[in-house]
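Everything below concerns the one structure shown next.
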2 protein chains.
Amino acid sequence: MSRRPMVRPGGRSARVQEAVHTAVRELVAEVGRDALTVPQVATRAGVTPSTVYRRWGDLKELLSDVAVERLRPETPPDDLGNLSADLTAWAEEFLDEMSSPPGRAYIRDALLGDPDGGNGGQCSAYAAEQIDVVLTRAAGRGEPAPDVETVIDRVVAPMMYRILFRPDGLTPTYAHRLVTGLLAAGA
Amino acid sequence: MSRRPMVRPGGRSARVQEAVHTAVRELVAEVGRDALTVPQVATRAGVTPSTVYRRWGDLKELLSDVAVERLRPETPPDDLGNLSADLTAWAEEFLDEMSSPPGRAYIRDALLGDPDGGNGGQCSAYAAEQIDVVLTRAAGRGEPAPDVETVIDRVVAPMMYRILFRPDGLTPTYAHRLVTGLLAAGA
DNA sequence: CCGCTAGAAGCAAGGATTTTGCATTAAGGT
DNA sequence: ACCTTAATGCAAAATCCTTGCTTCTAGCGG
């Protein structure tokens, strides 16, 4: 009954993963995602193409990996003193980042190369985590607050739906209106 | 000063498009989407691969085309006598179809091979059209009814978000709850 | 500290896919 | 009926993907 050396996150494998991810980001910026190929990435990363194919299986799975990493929030949401302001600010920033051309590209990539649905779930978990911070903070202040699932249904889902299906005409006002509509309903 | 014969929707082109679409549907059913290749489709359709590459550019764009066609509603929503019943029935059927494995595959295909966002917009337009029928009918009965955009935000978007990002645990009850929550808010 | 084991990467050949230039066909307009 | 031109067929060339085998190295036990 051995430990479980099934994976080797440290050492050479880690260096290769890092090099490949960096190569993807650089090349996407240089030649654009449509012109991106696996051999190109491999060469830039100083690796053979077969290594990339064996570890990621596919260009779209590799892009999905990179996309999920870039969609991870860097900082916790700002504390502006009350729930309405916190949620509005978070929603506006979320919409701004996600509706931009690179943001939409990352979302699509994350969904695209996603055999088991794990990457899409990860993106949703990131948003849920940020929202949970905001709501927990509000509860600590004694403010009435909806639960995370409700915020996802009422704020995140509408924004994401429009980003994916109707990318035109998205403004910060829309995010603000969603939050207002939710909180006005008597949380 | 010629008209503008920039496109030729009739005649041979139409036959080729039909043959290729049919070939895609048949082969997806036979060998599965992951094993699908452009040369395979071309052979089945009685066409050369270069024709497919020139017209669609890519396997995922072709799949996107086919997916949008299959996502078009076949019949108008049922008339059950009142808005709540109509909307609930429509939402439950929508969720059932879209959250099934083939439904999810079509949605993903439609979104992912979509350079200009036209196909995603088409899917959204289909849903909006169906909802409009339901709401117009309700207005004809004198019932108070929300507008289409509100139904999309409150019912369609949450379902679609969960289908794409969290495919587990979707039940007809969820669709029903969304509709109830919307109509209870005083339309 | 030293060897052992197995997962991960390199290499290269083979096969499949994608691209591209040129010839041919057939819509659609005059 | 003819002309123009988009669309297709054909085939060669380039590129990409797969795969069997070898080599390297991280992690582990002695």
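A note on names: the letters A, B, ... follow the listed sequences, proteins ahead of strands, and every chain is numbered from 1.
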Sorted by number, the residues of residues 61-68 of chain A with heavy-atom contact under 4.0 Å to DNA chain C |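 Output list: empty, so none.
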Taking DNA chain C as the partner, which of residues 34-48 of chain B come within under 4.0 angstrom of it by heavy atom?
->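 The answer is B/Thr37, B/Val38, B/Pro39.
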Separation between CD of A/Glu69 and CD of A/Gln17, rounded to the nearest 0.5 Å |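 Between atom CD of A/Glu69 and atom CD of A/Gln17 there are 6.5 Å.
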For the pair [X] and [Y], find out whether any cationic side-chain nitrogen is under 4.0 Å from an anionic carboxylate oxygen.
X: B/Glu149; Y: A/Arg166; answer: yes
X: A/Glu97; Y: A/Arg70; answer: no
X: A/Glu61; Y: A/Arg55; answer: no

Is B/Arg54 touching bases, backbone alone, or none of the nucleic acid, heavy atoms closer than 4.0 Å?
->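 Base, at least one base heavy atom under 4.0 Å.
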Whole angstrom value for the distance that separates [atom2] of [N] from [atom1] of [X]:
X: A/Asp58; N: C/dT17; atom1: CG; atom2: C1'; answer: 14 Å
X: A/Leu59; N: D/dT18; atom1: CG; atom2: P; answer: 12 Å
X: A/Arg55; N: C/dA8; atom1: CZ; atom2: P; answer: 7 Å
X: B/Gln17; N: C/dA27; atom1: CD; atom2: C1'; answer: 16 Å
X: A/Lys60; N: D/dC16; atom1: NZ; atom2: P; answer: 17 Å

Listed by chain and number, what are the side chain to side chain contact (heavy atoms under 4.5 Å, CB included) partners of A/Arg141, not counting sequence neighbours?
->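 In terms of side chain to side chain contact (heavy atoms under 4.5 Å, CB included), with neighbours along the sequence ignored, A/Arg141 is linked to A/Asp79, A/Asp86, A/Arg137, A/Ala138, A/Glu143.
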Just to confirm, is there a sub-4.0 Å distance from OP1 or OP2 of C/dG10 to any side-chain nitrogen or oxygen of A/Ser50?
->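 Result: no.
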Which comes earlier along DNA chain C counting from the 5' end, the contact point of B/Gly57 or that of A/Thr51, where each point is its nearest nucleotide?
->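 Result of the comparison: A/Thr51.
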Positive for side chain to side chain contact (heavy atoms under 4.5 Å, CB included) with A/Trp56, one of A/Val66, A/Leu62, A/Val41 |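 Result: among A/Val66, A/Leu62, A/Val41, A/Leu62 is the only option passing the side chain to side chain contact (heavy atoms under 4.5 Å, CB included) with A/Trp56.
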Consider only side-chain N and O atoms of A/Thr22 and A/Glu26, and report whether a donor and an acceptor are under 3.5 Å apart.
->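 Their side chains do not contain a donor-acceptor pair, so the 3.5 Å distance test is not met.
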Side-chain H-bond candidate by donor/acceptor type, A/Asn119 with A/Ser64, under 3.5 Å =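 Yes, side-chain donor-acceptor contact under 3.5 Å.
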Begin with the C-alpha distance, continue with both residues' side-chain angles, and end with the deciding distance and a verdict on salt bridge (charged side-chain N to carboxylate O under 4.0 Å, His left out) for A/Arg162 and B/Asp153.
-> CA-CA 9 Å; A/Arg162 289 181 132 83; B/Asp153 283 343; 2.3 Å; yes
